[in-house]
Every structure is written in structure tokens, then in C-alpha cells.
Number of protein chains: 2
Amino acid sequence: MSLKHAILTLLETEESSGYDLLKQFQSRLGYFWNASHQQIYAQLKSMHSEQLIDFHVEAQANKPDKKVYTLTQAGRDALSEWVQQPLKLGKVNDALLVKLYAGHLADKDQLLEEMTNYRDNHQRMLNTFLAIEEEYKNSSAKEKKNLALPYLTLRRGIIGEQACLDWADEVIDFLHS
Amino acid sequence: MSLKHAILTLLETEESSGYDLLKQFQSRLGYFWNASHQQIYAQLKSMHSEQLIDFHVEAQANKPDKKVYTLTQAGRDALSEWVQQPLKLGKVNDALLVKLYAGHLADKDQLLEEMTNYRDNHQRMLNTFLAIEEEYKNSSAKEKKNLALPYLTLRRGIIGEQACLDWADEVIDFLHS
DNA sequence: CAGCATTATGCAATTTGTTGCATATCAAGT
DNA sequence: ACTTGATATGCAACAAATTGCATAATGCTG
């Protein structure tokens, strides 16, 4: 049940609507968490009923109203308690690897297409992350200090995506041979 | 619903019991799939009711009996159909990154412990994978050809674990400074 | 021989996540 | 005017995963 904690973490930095959270998970935080809008709205509802978060409705010019959520004290407490608990190891479930393992059942062109598609996706993510890294590098010393930990999570994204690309190149090379 | 396909893939290579599958997911296939024993046994049951797999009970000396599952023709068909379908992008849910993002709420020593623990785990995985790679490299040309695709999935493990270690070192360096 | 780990299997309750559907506002293009 | 796309929210049915419990045989260690 860690979507809860991912949301608490984001709200701790800044108040957001469900839609804001969705967009963050889809873009710059895509590396460490993914969730659908249905999941997010449902989670926000249940967190509100647990009084971990509060909201107010904000009217916007040129856009529909939104519900902006903020942490309550209980929410802050729950987050800091969670941060102090040790984690168990994360699960890996990578369907592409399963598919490649069973790849003799598909034809080479299909695998190649899947792999180049995979490579393109990760290249796109890497570019996004590198752009954010540039922003960070150009920020003031004070900002850098404040953002040091988020920056390290970004580094995970960059290093991980680079690894994806290196591997994809190996596989594509093999499939071409 | 891809545990199903992961299991079909493994059974396509060799017949196995639920426990065998569990052990594979925990060790050499840990990189690409994880599942609990409850999940595996339940999945096998449902796949058997769908007639994708068959089993026979095998008595063992010095160990409890086991149910050894094999693919049926329908199972083979389902697998090769799945391999031919394009995948959607995998989800990432990395609680360690969430925690690091919110790391200012924990104390440095705790984060350090979490990170060194993470590093150790991934070092252990990397060592396992490297040992398997050695085996592969020492196998015959014929074997190498047969195992080419599984070997590429192993490479994903190696490259990915190395990336984990590189990143962990960056973070640990930072936390020490 | 008592206690613990490993092998081997499973059920039931609950929590999470997915899929499909539904609604509504506003901007921009055709 | 009409359609498409982005913003913004949500419900309901279903599938999948987690957690807790339960059983049973065997091997090993003290």
C-alpha cells in the first residue's frame, strides 16, 4: 500500500490535485511511480476519509474546478513514520524479458520491433530526465541543497534508462546478426 | 495477467512443480519476475482448469510428493499467441525512491543503512548473475545457440544490477558528505 | 528427541490494481 | 456548428496480489 506514501511524499512538497499527481507520475516521476487516474482519485478519497489529507476546491479561469489536497498533521506524521520503517525489497515484473525468453516462438522482426519500440521509449524518458538534470544544474546553490534528495532519485532514472538503452542495443545487435 | 505467461514460458522449457517455479523466480529469474507461492499455486490451479497445463504427481525419496506440471497443446498455443502480441509499457513502483525523495524526514544514518542494505542485495544478485554468465560462457557452441535468448535476459539482469550499484554508490557518497 | 529449516502444498479474507464507463468545462481547429 | 484534445473528476465490476493461517514429511543440529 505504497501509493499512499508516494502521494503523501508529493503532497509534502506541494499541494496538488489528483490530476496534478497523475501528471507528475506520468512525467518527471515516471521513473519511480506509476498509477492510473482511477487509482489516484480512489486513494485520495480514502486518504481523506482517514484524515491524512484535506482539500479545498479551487476555481480556475479557462479550466474546470479542481480539488487541491494538502497534508494534515496526521498525514505528515504517517509519512515520517513510514520513512523511518525499513522497506522490503521491491518486486520486478518485466513482461518484455519473459517474452524475449520465449522469443523462439515469435519471429525475429516482431522481436526487433518490440525492442526498437522499447529503446525509443527509454530514449524519450532519458531525454526528459536529462533536461530536468540541466535545470537542476543551472539552479542556485540554495535550490541545489533543497533539491539534493529529489536529484538523487532523478539520477536513478538517468542511470537506469542508460542501462536500458545499453541492453536494448545489445539485444538489437544480436537480433540483426 | 502476465504471471500466467511467465509460468507458461518456464514450463515450455521444462516441466516443473509450483515449488520449482517459486525457486526459479527467487533465484536466477529473480530479475524478471517475482511471485509468492500463494500466487503461483493459485495461478497453476486456474491454468489447469483452463486446460493450459497438465500435471502428474511425482513421489520423491526423502521429500514430500510434488505435482509436476507440463504444457498442453492449448498452453503452447496460448503462449505463442501472447508472444506475438505487442506489450504495453511496464509499470515502475519503487518505494525506495519515494523514501529517498522524502528523505529529509528520516535521519541520515537510517537512510544510509537502507542504502547499504540495498547495495548489498544488488551486489548479491549481480554475483549470482555473473556466476550464471560464466556457466553460459563455458558451455558448448550448440548450447550457446539454444540459450541465446535466455542469455540476453540474463544480460538485462547484469546491466541492471550494475546500474543499481553505480547509483547506490552515488547516493552513499552523498550521504557521507 | 526437541526444535528449526527446507520442501511442498493450499485456503480465505482483505487490499490493490485494472478495465470500462460516465460526466463536464473549455480551447483550438475544421 | 462540430469534433478533437486537454483538463478534471469519479463509480462499479472484475482481476490480481498480499497477508495470515494451515498442513505435512523430512533432514539437520544440539
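Chain letters run A, B, ... following the sequence lines, proteins first, then strands; residues in each count from 1.
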#### Entry: Distance below 4.0 Å between A/K66 side-chain N/O and C/dT25 OP1 or OP2
no
Residues 124-132 of chain A, side-chain donor-acceptor partners within the protein, below 3.5 Å, at least two apart:
| from | atom 1 | to | atom 2 | distance (Å) |
| --- | --- | --- | --- | --- |
| A/R124 | NH1 | A/N121 | OD1 | 3.0 |
| A/N127 | OD1 | A/Q123 | NE2 | 3.3 |
| A/N127 | ND2 | A/Q123 | O | 3.4 |
| A/T128 | OG1 | A/R124 | O | 3.0 |

note: A/Q60, atom CD; D/dA8, atom C1'; distance rounded to Å ~ 8 Å
For B/D94, the salt bridge (charged side-chain N to carboxylate O under 4.0 Å, His left out) test, sequence neighbours excluded, returns none
When rounded to whole Å, the OH to P distance for the pair B/Y69 and C/dA8 reads 14 Å
Residues at least two apart in sequence or cross-chain that pass salt bridge (charged side-chain N to carboxylate O under 4.0 Å, His left out) with B/R155, listed by chain then number, are A/E170, B/E133
Requested in this report: For A/E58 and A/H56, test the side chains for any donor-to-acceptor distance below 3.5 angstrom and give the result as yes or no.
Outcome: yes
Taken to the nearest whole Å, NZ/A/K91 to P/D/dT19 is 10 Å
The correct set of residues in residues 13-50 of chain B placing a heavy atom under 4.0 Å from DNA chain D is B/Q38, B/Q39
Sorted by chain and number, sequence neighbours left out, salt bridge (charged side-chain N to carboxylate O under 4.0 Å, His left out) with A/K66 holds for A/D20
Identify each donor-acceptor pair in which a side-chain atom of residues 97-113 of chain B lies under 3.5 Å from a protein atom, sequence neighbours left out, and give them as a table.
| from | atom 1 | to | atom 2 | distance (Å) |
| --- | --- | --- | --- | --- |
| B/K99 | NZ | A/V83 | O | 3.3 |
| B/K99 | NZ | A/Q85 | O | 2.3 |
| B/K99 | NZ | B/E114 | OE1 | 2.4 |
| B/H104 | NE2 | A/E12 | OE1 | 2.8 |
| B/H104 | NE2 | A/E12 | OE2 | 3.4 |
| B/Q110 | NE2 | A/Q84 | O | 3.1 |

Discussion item. By the 4.0 Å heavy-atom rule, please label A/K88 as base, sugar-phosphate, or nothing.
Written reply: sugar-phosphate
